[in-house]
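Counting begins at 1 with the first residue of the sequence. The figures that follow rest on heavy atoms only: side chains count, while hydrogens, waters and symmetry mates do not.
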Amino acid sequence: ADPAPGGLVPTPPARTVFLLFAALVGCSQPPPPPEAGPLQVATLSWPVTALALRLLDGTTAQVRCHLPADMDPPDWQPTSAEVSAIVDADVIVANGAGYEAWLSTAALPAAALIDTSANITVLSGPETTHQHDGQTAHSHGGTEPHTWLDPATAARQAEALAERLIIKMPDQRAILEKHRDGLVDELGQLDAELETTLQAVRDLRLATNHPFQAYIVDHHHRPIATFDLDPATVPGPEALAAVQAWAQQGSGVVLWEHPPTEAVKAALGPGLKHVHFDTIEDGGPDQRPDGTARLRANLSRLQALSPKR
């Protein structure tokens with residue numbers, strides 16, 4: 001600007017000063033933070049995947065089970081890349097009770113990890129080594145991890161998971177509470193029907209092909225024997241002798257996690273009934289397991305044993 005008389009430079013208009021200041025301030029502001037994406041939920045086994053899918057249905061959360069399709073949780077030792085993918089999730093869901101054996105030596109973020117069995121009394125089981133469909137033999141180390149097979153215990157796991165998810169997704173509280181209440185009610189009905197069914201078949205002697213019955217036995221006070229049998233492998237002499245001695249007492253029914261082969265049934269001898277009892281340890285054909293539907297199918301197969309049917 002040209003100097004004013006006396007050598008003074010005229011003062012810019014106030015509006016010009018304000019615009020210059022606003023421009024400078026605008027340039028110095030940090031960019032707005034990126035919008036948060038959908039909640040990423042990493043599940044570590046199929047039973048809790050079923051719970052998470054049911055509770056989070058209709059929300060924006062994305063559920064992914066990181067367990068490889070051909071692995072059993074007690075056998076799985078994830079690679080560093082697999083652990084990194086799990087840690088990247090917002091929420092990590094485990095069954096607990098020793099089922100995901102590798103967690104005992106892993107350092108996962110406590111704020112993200114949800115152990116759905118944390119408030120459940122973990123039951124002891126026999127120290128046995130067994131296989132699932134020809135996979136590597138493993139032991140559960142004297143603990144019984146199959147919490148979800150007892151509907152009442154599964155309901156407690158569902159409540160524990162819902163409580164933590166509501167903290168993570170407060171804006172979805174209404175839908176999470178609705179799904180929680182519906183799931184807990186359905187599991188409660190299944191539990192009542194299971195009690196009635198166990199009473200109806202009380203004259204039958206039940207056994208499982210490996211230890212997965214402990215929480216049902218504990219809750220319903222129904223004795224169920226257990227053996228160490230692979231449904232795809234003819235048992236050795238010791239196991240065969242144990243089953244046959246038990247079978248001689250009559251009215252024996254063996255519950256199998258997978259249907260046994262005809263060769264296995266023939267080796268065990270006549271007089272035994274064989275019933276498939278799905279342990280829900282796989283993702284099903286679409287990798288989206290429906291836990292309550294599969295528990296109800298188990299119940300239906302048990303109900304078919306009743307002499308009143």
Side-chain angles (χ1 to χ4, degrees), residues 30-120 122 132 135-136 138 140-141 145-148 154 156-177 179-180 183 280-291:
E35 292 187 9
L39 189 79
Q40 299 298 314
V41 179
T43 59
L44 306 183
S45 57
W46 291 111
V48 291
T49 302
L51 292 179
L53 288 171
R54 178 72 177 266
L55 291 170
L56 291 166
D57 184 38
T59 72
T60 58
Q62 297 179 348
V63 179
R64 176 190 168 193
C65 182
H66 287 253
L67 178 70
D70 60 346
M71 290 299 298
D72 196 50
D75 299 333
W76 187 34
Q77 290 296 327
T79 64
S80 57
E82 289 171 327
V83 172
S84 294
I86 292 167
V87 170
D88 283 344
D90 303 300
V91 174
I92 304 168
V93 186
N95 184 78
Y99 189 49
E100 300 93 347
W102 64 276
L103 288 181
S104 63
T105 57
L108 299 184
L113 181 62
I114 303 175
D115 179 349
T116 61
S117 297
N119 295 322
I120 292 170
V122 177
H132 299 273
Q135 295 179 5
T136 304
H138 66 264
H140 292 296
H146 297 87
T147 52
W148 64 92
R156 293 177 61 191
Q157 292 182 264
E159 289 173 328
L161 178 56
E163 180 181 352
R164 290 286 300 276
L165 290 174
I166 288 170
I167 294 172
K168 294 287 186 179
M169 305 178 72
D171 59 323
Q172 301 290 312
R173 172 183 287 272
I175 192 168
L176 286 167
E177 289 181 340
H179 289 330
R180 177 202 62 198
L183 178 54
I280 320 176
E281 295 182 86
D282 62 74
D286 59 356
Q287 304 297 283
R288 294 182 65 84
D290 185 336

If I compare all heavy atoms of [X] with all of [Y], which pair ends up nearest, and what's the gap?
X	Y	value
P74	A101	O-CB, 3.8 Å
C65	T43	CA-OG1, 3.0 Å
D115	A97	OD1-N, 4.5 Å
G98	P145	C-CB, 4.3 Å
A42	A89	CB-CB, 3.6 Å
E177	I166	CG-CD1, 3.7 Å

Check: Quick check: are there more than 12 heavy atoms from other residues, nucleotides or ligands sitting under 6.0 Å from CD of E163?
Finding: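 Count not over threshold, so no.
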
Next item on the list: Return yes when atom CG of N119 has more than 12 non-hydrogen atoms of other residues, nucleotides or ligands closer than 6.0 Å, and no otherwise.
Entry: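 12 or below, so no.
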
Could you check whether any side-chain heavy atom of [X] comes within less than 4.5 Å of a side-chain heavy atom of [Y], counting everything from C-beta outward?
X	Y	answer
L108	V87	yes
I92	P109	yes
L176	M169	yes
P47	Y99	yes
P73	L44	no
Q157	N95	yes

To the nearest 0.5 Å, what is the distance between [atom1] ([X]) and [atom2] ([Y])?
X	Y	atom1	atom2	value
I86	R64	CD1	CZ	8.0 Å
T116	E159	OG1	CD	12.0 Å
H66	E100	NE2	CD	13.0 Å
T49	D282	OG1	CG	11.0 Å
Q287	W46	CD	CH2	4.0 Å
R54	L161	CZ	CG	12.5 Å

Note to self: Let's go through I114 and V48 carefully: what are the C-alpha distance in whole Å and the side-chain angles of both, what is the deciding distance for side chain to side chain contact (heavy atoms under 4.5 Å, CB included) to 0.1 Å, and is it a yes or a no?
What the structure shows: CA-CA 10 Å; I114 303 175; V48 291; over 6 Å; no

Checklist line | Working for side chain to side chain contact (heavy atoms under 4.5 Å, CB included), residues L183 and L51 | finding: CA-CA 9 Å; L183 178 54; L51 292 179; 3.9 Å; yes

Item checked: Which residues share a side chain to side chain donor-acceptor pair (under 3.5 Å) with R180, sequence neighbours left out ->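 Applying side chain to side chain donor-acceptor pair (under 3.5 Å) to R180 gives none.
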
Check: Is a donor on one side and an acceptor on the other found under 3.5 Å between the side chain of Q40 and the backbone of P38?
Finding: yes

Margin query: Please check this pair: side chain of R164 against backbone of V93, looking for a donor-acceptor N/O pair closer than 3.5 Å.
Written below: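 Not a single qualifying donor-acceptor pair exists.
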
Notebook entry, point to check: Would you call the rings of W102 and W76 parallel, tilted or perpendicular, where under 30° means parallel and over 60° means perpendicular?
Noted result: perpendicular

